[in-house]
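Below is one structure, written out as structure tokens; comments come after it.
In this text, all values refer to a predicted model and were calculated from it rather than measured experimentally. Order of the sequence lines fixes the chain letters, A, B, ..., with proteins taken first and strands second; residue numbering starts at 1 for each chain.
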Amino acid sequence: MGLSLNIIDIIVLAIISVALILDFYRFVRGPLASDRVMAADTMTVTTASLLVFLGYLFDRYIYLDIALIYAVLGFIGVIVIARYLEGGV
Amino acid sequence: MKKLISIVFLLYVAYQLFVVFYAVPFGTDEVRSKVGRFYLEHSPKDLHVANTVTSIVVNFRGFDTLGEVTVLFLASTALGSILFRRREVHTRLSHLRTSVEASSIVRVAGRILFPLIVLLGAYVFIHGHLTPGGGFQGGVIIATGFLFLLLAYRQFTVEHRTIMWIESLAGITFAGIGLVGIFVGKTFLENFLGVGRLNDLISGGIIPLIYIAVGFKVAAELTGILDTILSISITVDETENQTEKNG
Amino acid sequence: MEQVLTYLGYILIVIGAIFLFLGGLGIVRLPDIYSRLQAGTKASTLGAMSLILGVGFLNPAWLVKSLVIVIFIALSNPISSHALARGSYRHNIKPWSKEDIDAYRQYLKEEGQKEREEEAKQTENKD
Amino acid sequence: MQTKSLASKPVRFLYSWFLFFIVWLAFTTSFQLPEVLTGLAVSLILAAISYETFTGWGFKGIKLRNMWWSMVYILNFIWLMVKANLNVARIVLTPSLPINPGIVEFETKLTNVYAKMVLANSITLTPGTFTVDVVDNKFYIHWLDVTVTDPHEVYKEIAEPFERILLKIFN
Amino acid sequence: MSTIITILVVIGALVLVAAAVFAVHKRDLVVATVATSVISLVLSLFYFLLQAPDVALTEAAIGVALTTIIFIVTIKNTKRFED
């Protein structure tokens, strides 16, 4: 893969990786199920933006579709668990 | 001790797998088999399909896909047959799906976002031959949209008769397109339409038609399954409560 | 003009990445689920929006689709966090509070009372 | 839904069709004839299914005045959102965590359900506040740094800047 | 592949393993369900990095809500241990 990255790209990727690790830390630590769900939700949003950025780096327009799916559907998984917690499902 | 042994064993297995896979030059031309090269060459050239995976799934191995769709249909039917009696009890016992209503924000969001989710699903399966995705993925997205409605509104249920009709019609369309292939050409699911220009919406012959049928079928099946299992989850509670009160 | 768009895009992308990082830091540092939801939702929503919009500016042909993604994120992300907060509260997870300010608990208590009364009435009618 | 300002069925149907078609064009970003025709067909089917619940107003919503106030609202909102995030950043980066969280309530003057949703989402995304629940016209807000607890004061503090504009758009 | 992307892949792999261990070892099944959705998220990212957008899209569409609801309904109808 002939991927040419400039310094800003590398910095951005590094920052997003650190953000993902922080989210995952909360996922591991989170004392309650809700904390973990929230961490997973934040990870989903972060990953969606990471996918858009990687799509730009690979220069493939169609890769935006996957990020679109995460943006549109990502919240339904959270609502499922939220409804379960409030006794709704 | 047991744990230690299992961890050591797992690490050994992981190491061996690493050794094996490290030797394989993934992603280079050496591993591409004859079949793979054939697909890569012929799918844009003969069929004018931008998404090679689609052309393999629907055209070169279309019969396989028909089998998969049938498996999904069987699974949904089997689930329905197991849970049917429970459903009957459910409709008799309770007028509401759940005890706690969703918050009004979620309900209003359901009104606005549901059509947009369905539109995205339609986009994914209609553009299956141009962009990633296809019938199955589009159907799953539409079913997720219905899941959102089922979660947000506790009175909302899906009309199972309509679902059955959509499902059957989509299945018949798929098989019918295949049969037309027999009559026009030689084989089942042979392409009988013009292939169009690469990267146009009207291209790839029968692929978009089949994907639309598959999309409808998968969406209908999954929606039916979701509605069934969500009703069941209430039914168990309700029947338990009922027996407690009566007994 | 193109130069300007490129600079603008990169600035937005870096801001977005920093906000995503701050969101992660926020959910690690804050004391309870509700405060964490605040940090997580706000920072990650703005971060994602800014980053995706930045990519749109870098590549003007992508602008429309990235705008669609941004709009969907802005619509759907607060809803999911709101639903999660409501679900957690109704699952009896108490918020961390210095001065014990909690209007919602009062409301839930009243509502529970009302429901119980109604249920009692219904069972009476049945019998 | 407000029965007062409900548009007639054909108008709502046309409005939904129009809106879905625009979203479709945004998905495909292409103006070739087959794409446009397919989009028209798909959004027609979708509008036929869901126009009853999708919108209550129809084209009445699209007025120059409303568009102008929506612009004002969005700009205002973006500015407040940036401020909110700087605020969160300040709190998170301060070692001592200067917060005093609590849940407060206030009553809104809005009657339209869509307006309420917009208000709730805006509150969720702006400084230190977070919608926990909406019951009829009562909002329950988790506030990261509570300064006042009286509903009227809370209303003035949190909701007023949004509601002033929202009342102009939705009424 | 560029170095930073290799690092990203390594981080993702570690997250994957940790989430898998979580899903197996936690007594609270809701947490295990969330762990599976994290696994699906990272897997989707991997497929994306390996230039297989079709598979990534499938993983995204299925893993984001459909598996969750099936597991949650199962948990609801059996038993949940909370920790």
Side-chain angles (χ1 to χ4, degrees), chain C residues 15 18-19 21-35 37-47 49-50 61-65 67-69 71-72 74-79 81-83 85-86 88-90 95-108 111, chain D residues 22-30 74 77-78 80-95 97 99-106 117-118 120-135 138-151 154:
Chain C
I15 290 174
I18 287 170
F19 273 123
F21 168 75
L22 283 175
L25 200 63
I27 69 171
V28 168
R29 282 207 63 200
L30 286 166
D32 76 328
I33 165 80
Y34 304 98
S35 322
L37 267 172
Q38 294 230 15
T41 314
K42 289 191 229 300
S44 69
T45 309
L46 184 73
M49 284 165 77
S50 161
W62 295 19
L63 189 58
V64 176
K65 207 156 200 177
L67 266 178
V68 172
I69 298 178
I71 290 169
F72 270 117
L75 257 179
S76 68
N77 218 15
I79 291 165
S81 343
H82 152 76
R86 189 177 185 262
S88 309
Y89 204 102
R90 290 184 174 234
W96 182 88
S97 181
K98 263 186 209 160
E99 293 171 17
D100 200 34
I101 306 158
D102 198 340
Y104 193 50
R105 194 193 307 149
Q106 193 64 32
Y107 161 72
L108 278 185
E111 194 199 39
Chain D
I22 286 183
V23 177
W24 172 272
L25 286 182
F27 280 154
T28 57
T29 55
S30 139
I74 287 170
F77 169 66
I78 287 173
L80 280 174
M81 198 169 147
V82 171
K83 228 167 74 180
N85 280 285
L86 293 177
N87 186 24
V88 167
R90 184 180 60 79
I91 288 172
V92 167
L93 293 176
T94 316
L97 286 178
I99 55 172
N100 174 28
I103 297 181
V104 294
E105 60 175 330
F106 71 84
M117 193 195 84
V118 173
N121 280 2
S122 310
I123 287 173
T124 301
L125 289 176
T126 47
T129 51
F130 188 95
T131 317
V132 176
D133 203 352
V134 180
V135 187
K138 272 210 171 119
F139 277 63
Y140 293 90
I141 306 288
H142 182 264
W143 202 350
L144 210 49
D145 201 359
V146 178
T147 49
V148 286
T149 50
D150 182 59
V154 172

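Ring geometry for Y34(C) versus H142(D): interplanar angle of 30 to 60°, hence tilted.
When all heavy atoms of T131(D) and A120(D) are compared, the pair lying nearest together is OG1-O, 3.0 Å.
Note: P101(D) leads G102(D), A26(D), P101(D) in heavy-atom pairs under 4.5 Å with chain C. Among V23(D), T129(D), L93(D), the residue with the largest count of heavy-atom pairs under 4.5 Å with chain C is T129(D). Comparing G23(C), S81(C), A83(C) by how many heavy-atom pairs each has under 4.5 Å with chain D, the most go to S81(C).
Contact annotation for F130(D): both backbone and side-chain heavy atoms come within less than 4.5 Å of a heavy atom of chain C. S50(C) does not touch chain D: none of its heavy atoms, backbone or side chain, sits under 4.5 Å away. Using a 4.5 Å cut-off between heavy atoms, L25(D) makes no contact with chain C at all. Looking at V104(D), the atoms closer than 4.5 Å to chain C (heavy atoms on both sides) sit in the backbone and in the side chain alike. Looking at L75(C), the atoms closer than 4.5 Å to chain D (heavy atoms on both sides) sit in the backbone and in the side chain alike. In this structure, chain D has a heavy atom under 4.5 Å from the backbone of A74(C), while its side chain stays farther away. L37(C) touches chain D through backbone and side chain together, each having a heavy atom under 4.5 Å away. For V135(D), the part sitting under 4.5 Å from any heavy atom of chain C is the side chain, from C-beta outward, and nothing else. Residue R105(C): no heavy atom, backbone or side chain, is found under 4.5 Å from chain D. For V132(D), the parts lying near chain C are the backbone and the side chain together; criterion is any non-hydrogen pair under 4.5 Å. At a 4.5 Å heavy-atom cutoff, the contact between F72(C) and chain D is made by side-chain atoms alone.
The backbone N or O of M81(D) sits nowhere less than 3.5 Å from a side-chain atom of K42(C) that would complete a donor-acceptor pair. Of the possible polar contacts, none joining the K138(D) side chain to the D133(D) backbone as a donor-acceptor pair under 3.5 Å is found. Distance alone, capped at 3.5 Å, is enough to place a donor-acceptor pair between the R29(C) side chain and the T94(D) backbone.
In this structure the side chain of T124(D) never reaches within 4.5 angstrom of the side chain of N77(C), judged on heavy atoms. Counting only heavy atoms from C-beta outward, the side chains of R90(C) and L108(C) approach each other to under 4.5 Å.
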Subject >> From CA spacing to verdict: side chain to side chain contact (heavy atoms under 4.5 Å, CB included), L125(D), F77(D) >> reply: CA-CA 9 Å; L125(D) 289 176; F77(D) 169 66; 3.6 Å; yes

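Side-chain polar atoms of D32(C) and S35(C) form a donor-acceptor pair below 3.5 angstrom.
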